[in-house]
Amino acid sequence: MTDRRRSDLGRSTVRSAIAVALVAAAMAGAAGCSGDEAGGTLGDATVITLAAETPAGEPTTTPAPASAPTTVAPADTVPIDAAAMLQASLDSLAAGYHFRTSVAVGGAEVLVAEGDTVGAGTRLTIWSNRTSVAYVITPAGSWVFPEGGEWEALDTAPAATDPLLALRTPSAVTGSSADGLAATLVATVAAHALGVPSEGTADVQVSVNGATLSEIAYDAVVDGQTASVRSTFGAVVDPTPVVAPI
């Protein structure tokens, strides 16, 4: 594979990652067209063609055995201000964070992005289609390092899909907590704000602990297939400033 083909593959890969909303990493993810096709939808081959298929003749579901219905008593909860808790958890990421985002289609993990956001810069690596692409993103520009290639500057403006930004203005937030600290919230946001080509809304599951956001997850249905996106957050692993690699 030539260096040009590797570069095109890297750019196409990150555009597919952006389309399924790689949280803050994808917010400034590099764009650029593949040499043969445009990226930027969940239908891109980097995601959809890796979906797990059910072998012919096997049922897609297993019937549950007949049994008497059971009633589960709801767990005790304490009142919380779900909207305020959501905003406080987003504020907790302002100083920087480490993230890992995975995308699964048909139960098979097809894409992973991991890295650090430090100040206004982000460094990350995306793995998909048995290859990896590294990115450095700063206010001054974006750079890509496809597997087997070398660092090069991107000449197109970064994409701007950011689920964390979408969570700043949800249309509704609900949630429950057993202790008033750890809570599971559900934020309803516009689907297109998550990179999903839809006019409707989507529910984002948000896990918080006090004022700290630890995980978000949501599903996106495109072309009849469901992509499950899950992102976890933690302390910065590499706190060094994010600077241009070249």
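- Counting heavy atoms from C-beta outward, Trp143 and Ile246 have side chains that approach closer than 4.5 Å.
- Inter-residue side-chain proximity for Leu194 and Val189 is flagged as met; some heavy-atom pair is nearer than 4.5 Å.
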- Message: Run the ring-ring contact (aromatic ring centres under 6.0 Å, His included) test on Phe233 and Tyr97 for me, step by step, so that the C-alpha distance in whole Å, both residues' side-chain angles and the decisive distance to 0.1 Å come before the verdict.
- Response: CA-CA 6 Å; Phe233 304 90; Tyr97 52 91; 5.7 Å; yes

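- Val112 is not listed as a side-chain neighbour of Ile126, based on a closest heavy-atom distance of 4.5 Å or more.
- Scanning all heavy atoms of the two residues, the minimum distance from Ala211 to Ser92 falls at O-CB, 2.9 Å.
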- Message: One pair to check against side-chain contact (heavy atoms from CB on, under 4.5 Å): Asp238 and Arg123. What are the steps and the verdict?
- Response: CA-CA 9 Å; Asp238 180 1; Arg123 60 173 68 90; 3.5 Å; yes

- Message: Evaluate Thr122 against Phe99 for side-chain contact (heavy atoms from CB on, under 4.5 Å), listing each step before the verdict.
- Response: CA-CA 10 Å; Thr122 297; Phe99 58 87; 4.0 Å; yes

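- Contact annotation: the side chain of Tyr135 approaches that of Leu154 to within less than 4.5 Å [non-hydrogen atoms, C-beta and beyond].
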- Task: Check the pair Asp91, Arg168 against salt bridge (charged side-chain N to carboxylate O under 4.0 Å, His left out), reporting the backbone distance first and the verdict last.
- Result: CA-CA 10 Å; Asp91 291 341; Arg168 286 292 187 182; 2.7 Å; yes

- Task: Could you please spell out the steps behind the side chain to side chain donor-acceptor pair (under 3.5 Å) verdict for Thr131 and Asn129?
- Result: CA-CA 5 Å; Thr131 190; Asn129 276 351; over 6 Å; no

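- What you find for Val78 and Ala178 is that their closest heavy atoms are CG1-O, 4.0 Å.
- Looking only at side-chain heavy atoms (C-beta outward), Val206 and Leu86 come within less than 4.5 Å of each other.
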- Between Thr188 and Ser171, is a side chain to side chain donor-acceptor pair (under 3.5 Å) present by the stated rule, with each step listed? CA-CA 6 Å; Thr188 303; Ser171 59; 4.8 Å; no

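- Val229 and Val186 are not part of a single hydrophobic cluster, where members link through side-chain heavy atoms under 4.5 Å apart.
- Not a single donor-acceptor pair under 3.5 Å links the side chain of Asp116 to the backbone N or O of Val236.
- Nearest heavy atoms, Pro239 versus Val118: O-CG1, 3.8 Å.
- Asp203 and Thr201 form no side-chain donor-acceptor contact under 3.5 Å, judged by distance and modelled atom types alone.
- Shortest non-hydrogen contact noted between Gln87 and Pro170 is NE2-CD, 4.3 Å.
- When atom types are taken as modelled, the side chain of Asn209 and the backbone of Thr212 share no donor-acceptor pair closer than 3.5 angstrom.
- Within the model, atoms OG of Ser102 and CD of Glu114 stand 10.5 Å from one another, a figure rounded to the nearest 0.5 Å.
- In summary, the side chains of Ser214 and Ser207 do not present any donor paired with an acceptor at a separation below 3.5 Å, with no hydrogens or angles considered.
- Within the 4.5 Å cutoff, side-chain heavy atoms of Trp151 are placed close to those of Pro245.
- Put simply, the side chain of Arg230 does not reach to within 4.5 Å of the side chain of Gln205, judged on heavy atoms.
- Closest of all the heavy-atom pairs between Met85 and Ile80 is CE-CG2, 4.1 Å.
- Between the side chains of Asp219 and Thr226, no donor-acceptor pair is found at a separation under 3.5 Å.
- For the residue pair Ser132 / Glu147, a side-chain donor-acceptor distance below 3.5 Å is found, with atom types taken as modelled.
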- Evaluation steps, side-chain contact (heavy atoms from CB on, under 4.5 Å), between Ile137 and Val242: CA-CA 8 Å; Ile137 303 157; Val242 179; over 6 Å; no

- Item | Stepwise side-chain contact (heavy atoms from CB on, under 4.5 Å) check, Leu185 with Val208 | CA-CA 8 Å; Leu185 312 178; Val208 303; 4.3 Å; yes

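- In this structure, Leu167 and Val204 have side chains that are in contact, with non-hydrogen atoms separated by less than 4.5 Å.
- Here Leu164 contributes atom CG and Ile216 contributes atom CD1; the two are 5.5 Å apart, rounded to the nearest 0.5 Å.
- Minimum heavy-atom separation, Ala82 to Gly175: CB-N, 4.0 Å.
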